[in-house]
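Beneath this line is the structure, given in structure tokens, with notes to follow.
Remember, it's 1-based here, ligands and their atoms both numbered in the order they're listed. Only a predicted model underlies this, so the values are computations on that prediction, with no experimental measurement involved.
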Amino acid sequence: MNRRTFLFGGTIAGTVLSLHYLNQLSPDPTLQDMATPHEFEVTKPEAEWKETLTPEQFYVLRKHGTERAGTSPLNKEYGQGKYACAGCGLPLFTSDTKFDSGTGWPSFFAPIADAVETTTDRSLFMTRTEVHCRRCGGHLGHVFKDGPKPTGDRFCMNGVSLTFIPG
Ligand code: FE
């Protein structure tokens with residue numbers, strides 16, 4: 001192998017590695033337009049997430065799944081407390097912002113500051129704003145602009161991705 005072939009090979013390998021790295025940063029191919037891609041604070045190989053999460057939690061948090069409407073007990077939970085990420089335990093919402101949206105999914109008009117991030121989700125022939133945990137990247141649901149005052153936002157969450165902590 002001469003020097004030129006060596007350099008060319010290195011460039012190809014570097015490009016492949018970079019693409020692989022970028023791919024790792026984005027949890028889903030439809031979500032690659034995240035404004036500032038970054039590593040999440042909590043990361044685990046898929047096998048480890050499978051060990052710590054129930055199959056339903058894994059499907060929603062790690063595979064951008066959606067639970068069937070009306071199936072989460074948290075949909076009708078109106079006690080005082082916090083709603084934490086079922087993946088990493090970060091508190092995401094408080095009961096003060098929860099409201100009955102009538103959708104069958106736990107809904108909030110605002111998250112706790114610096115708890116969630118959003119990306120544009122173009123899956124299922126729609127453009128929606130996906131919401132995920134700031135710390136582990138776990139998929140939580142979507143946010144829509146038809147919520148109540150004071151924000152007008154409706155954070156439509158999968159109950160399975162949340163853990164209710166009374167108090
Ligand atoms: Fe999390």
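What you find for S107 and C156 is that their closest heavy atoms are OG-CA, 4.4 Å. Across every non-hydrogen atom of N75 and K98, the tightest pair is O-NZ, 3.2 Å.
Note: H142 and F144 have tilted aromatic rings, judged against thresholds of 30 and 60 degrees for the angle between ring planes.
Ordered by chain and number, C85 SG, C88 SG, C133 SG, C136 SG make up the set of protein N, O or S atoms under 2.8 Å of the Fe ion (ligand 1).
R68 has no carboxylate O lying under 4.0 Å from a charged side-chain N of E56, or vice versa, which leaves the two without a salt bridge.
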Quick one: side chains of residues 78-95, donor-acceptor pairs under 3.5 Å with protein atoms, not counting sequence neighbours, listed by atom name and distance.
from, atom 1, to, atom 2, distance (Å)
Y83, OH, E77, O, 3.3
T94, OG1, D96, N, 3.3
S95, OG, G81, N, 2.9
S95, OG, G81, O, 3.2

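Two residues are said to be in side-chain contact when any heavy atoms from C-beta on lie closer than 4.5 Å; F109 and K149 fail this criterion.
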